[in-house]
Amino acid sequence: MGGHTSSYEPTSRWGKWFDERLPIARLMHGSFVDFPTPRNLNYLWTFGGILSFCLVAQIVTGVILAMHYNASDVAAFNSIEHIRRDVNYGWLLRNMHAVGASMFFVAVYIHIFRGLYYGSYKAPREVLWILGVIILLLMMATAFLGYTLPWGQMSFWGVTVITNLFSALDTIYQGLGTGIVEWLWGGYSVSGVTLNRFFSLHYLLPFVLTGIVILHIWALHTAGQNNPTGLDLKEPSEAVPMHPYATSKDAVGLFAFLLLFAWFVFFLPDYLGHADNYTPANPLVTPPHIVPEWYFLPFYAILRAFTGSFLGLPLGQYAKLLGVLAMFGSIAILAFAPWLDWSRVRSVKYRPLFKYAFWTFAFTCVALGWLGSKPAEGIYTTMAQIFTVLYFAYFLIAMPVLGLIETPNKLPRSINEAVLGDGHTDPGGRSGHGGTGTVAGATAVAEKR
Amino acid sequence: MTTETDEADRRDFLVLAGNAFAAVGAASLIWPFVQQMNPDASTKALASIEVDLAPVKPGQAITAMWRGKPLFIRNRTKEEVEAAQKVQLNDLPDTEARNESFPPGKSMPATDANRVQKDHENWLVLVGICTHLGCIPKGQSIGDSRGDFGGWFCPCHGSHYDTSGRIRKGPAPRNLDVPPFVFVSDTKIKIG
């Protein structure tokens, strides 16, 4: 995959025979063994591997859970309890899947903030970044559909509230929104029909996700990885082969992540969920506080920030529609980041003003998450409105304006200079090598450490 | 190369016609795949129900299920009816009657008279779903909060409805819907 030429050489006769017919081992070797990786990657770069692990773990546990789950409105709730109590190791598999969804989002949010901090969205990685936004959307859709399946009170009312978002389109054309909502439901309300189709789609989307992830990795390997300096690779000695250098670092990151994962699975399996979801779905009673899962809270806060008036601006009957547009817009705007940021410096490390904007944005996201869990009234609504403005200001004001007026700090001339210090010259024998030269360079770096 | 003209020839026509045929074919093939998701025949078959009102005393309310949605049926007291009738139209955020008994597209003012049936003014029948994001408002059971206007109160995002089911305060954009229904006798209604 990508511009790098694999150094794979089949050793056996059979290997040669197969390589001439299907060079998959060559492709894998070039993509994941001798692929040149910047030598200065930090632990934030291990989240790509962690996310791949999460996707595989969700698919494996999910396929197994589907063997015991019953997607019908009368049996779904009990079948989850059946899995937890009766199925051999069902408690473990179910906890891994439910906690796994949360861990997937922990990892993806760190991954996204890493991309924003080090400017990984900028040229030549725009397509890579947009594919990432699509992956985020698919993850959200999959998680939302999956949360429906236990058919508890939060499942039922979560679906009701979220699908009703589309009814906001009635403001544009009478009947359009209602038509879409009834089409999604397959009835005049959320019912067993809805549950059944949501199960089907929940099973489908992870495989669509896998396809997009493959494109994401392909685009990554075409443009090459970004790195903490944001500088391009200038010579082979600035890279190390992916295996064993990046893979072993990834393994350390993954095992640290798995400690957290296992802690939740074994000690706090329900901590990230809601007690209300252990009450079977009841179409006649709405729980007093409908709250989505934690990973949707910032977007939920943006949705609810649009009430009758927004910071004194009357919205009237358009409040609901604007709230829905702002919520979807808050994700869609990520895709435009490559063109909104006018600075040519990638890494925030070298941007003294933008650094403040970035950390304000990070705080804004956390604050919106907290507000999303609070009732939508009084001071909470006002705060949600202020932070919604700040959220969009990061993309629409800070990115273009600071890109124009900011004077960036002095950039190191190369990754080698950033890593090894000013005035450093390459020890002999490391320049002028071809593809395999990176291996020699890598060894030298490893010795230095 | 036999022809050098820019004029449309027989081949252009065939390509255009062929593509148009394929497009229409693809669209008609997709249609069943989209349409299968709409409410099916068994769901539509349950689309009308009859409710006996005889046991409901003034001041009491019952909840019935219609098309999977709760229906609020309240036998309003004289005071509640008068309170609903006294409200001025310009005090209402939504001035449409939202009564499905009226022909669609016809604008009717949201007076109390337009939301109930003549000679049965005490009977208020509503789809019990908040017009904001679809929660079930409180106010049907004894001890429920009925909000600031004595009707219903939605706990999800704080919408208050009056004794005619009209939105008075909060984020909901519309009055509670009045379903299409008829009195088949003095104590029985047919909804849908």
Side-chain angles (χ1 to χ4, degrees), chain A residues 73 156-168 170-171 174-175 178-194 197 200-201 282-291 300 303-309 315-321 323-324 375-378 381, chain B residues 34-48 62-72 93-96 98 100 104-105 107 127-138 140-141 144-145 152-159 167-174 177 179 192:
Chain A
D73 54 347
F156 185 90
W157 291 101
V159 179
T160 301
V161 168
I162 300 300
T163 48
N164 260 308
L165 293 178
F166 289 97
S167 67
D170 279 345
T171 321
Q174 188 58 42
T178 314
I180 291 175
V181 171
E182 286 178 1
W183 179 74
L184 289 171
W185 287 343
Y188 304 106
S189 61
V190 175
S191 67
V193 177
T194 322
R197 62 182 58 179
S200 169
L201 294 173
N282 181 353
L284 290 178
V285 180
T286 307
H289 285 288
I290 301 179
V291 188
Y300 194 55
L303 168 77
R304 296 191 308 176
F306 291 80
T307 54
S309 76
L315 301 178
Q317 58 164 332
Y318 292 101
K320 185 166 145 184
L321 181 66
V324 173
E377 55 196 29
T381 303
Chain B
V34 174
Q35 180 63 13
Q36 53 85 21
M37 281 181 63
N38 270 320
D40 62 26
S42 69
T43 308
K44 284 179 181 161
L46 299 171
S48 77
I62 57 167
T63 306
M65 284 292 268
W66 175 65
R67 294 180 169 184
K69 300 172 180 178
L71 276 189
F72 292 170
D94 179 20
T95 52
E96 285 294 317
R98 309 285 173 198
E100 292 177 34
S107 178
V127 175
I129 291 183
C130 182
T131 56
H132 181 227
L133 290 173
C135 298
I136 311 293
K138 298 261 166 209
Q140 285 293 93
S141 309
D144 272 3
S145 165
W152 289 267
F153 169 68
C154 183
C156 287
H157 305 102
S159 294
I167 179 67
R168 301 298 293 275
K169 195 174 135 188
R174 290 182 294 116
D177 287 322

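All values below come from the heavy atoms of this structure, side chains included, with hydrogens, waters and symmetry mates left out. So that the names make sense, note that chain A is the first sequence line, chain B the second, and so on, each numbered from 1.
- Most heavy-atom pairs under 4.5 Å with chain A, from the set B:Arg174, B:Lys138, B:His132: that is B:His132.
- Under the side-chain hydrogen bond (donor to acceptor under 3.5 Å, both in side chains) criterion, B:Gln140 pairs with B:Thr63, B:Trp152, not counting sequence neighbours.
- Proximity to chain B (any heavy atom under 4.5 Å) is shown, for A:Leu165, by both the backbone and the side chain.
- At a 4.5 Å heavy-atom cutoff, A:Ser191 makes no contact with chain B through either its backbone or its side chain.
- The closest side-chain heavy-atom distance from A:Ser189 to B:Arg67 is not below 4.5 Å.
- Side-chain atoms of A:Trp157 and B:Cys156, non-hydrogen and from C-beta on, never get closer than 4.5 Å to each other.
- Scanning both residues, A:Trp183 and B:Val34, for their nearest heavy atoms gives NE1-O, 2.7 Å.
- A 4.5 Å side-chain heavy-atom check between A:Lys320 and A:Phe306 finds every atom pair outside the cut-off.
- If you tally non-hydrogen atom pairs under 4.5 Å between each of A:Gln174, A:Arg197, A:Glu182 and chain B, the highest count goes to A:Arg197.
- Annotation: side chain of A:Phe156 is not in contact with side chain of A:Val285 (no heavy-atom distance under 4.5 Å).
- Using a 4.5 Å cut-off between heavy atoms, B:Pro39 touches chain A through backbone and side chain atoms alike.
- If you measure heavy-atom distances from A:Leu284 to chain B, the contacts under 4.5 Å come from both the backbone and the side chain.
- Ranked by heavy-atom pairs under 4.5 Å with chain A, the first of B:Pro93, B:Pro173, B:Pro155, B:Gly134 is B:Gly134.
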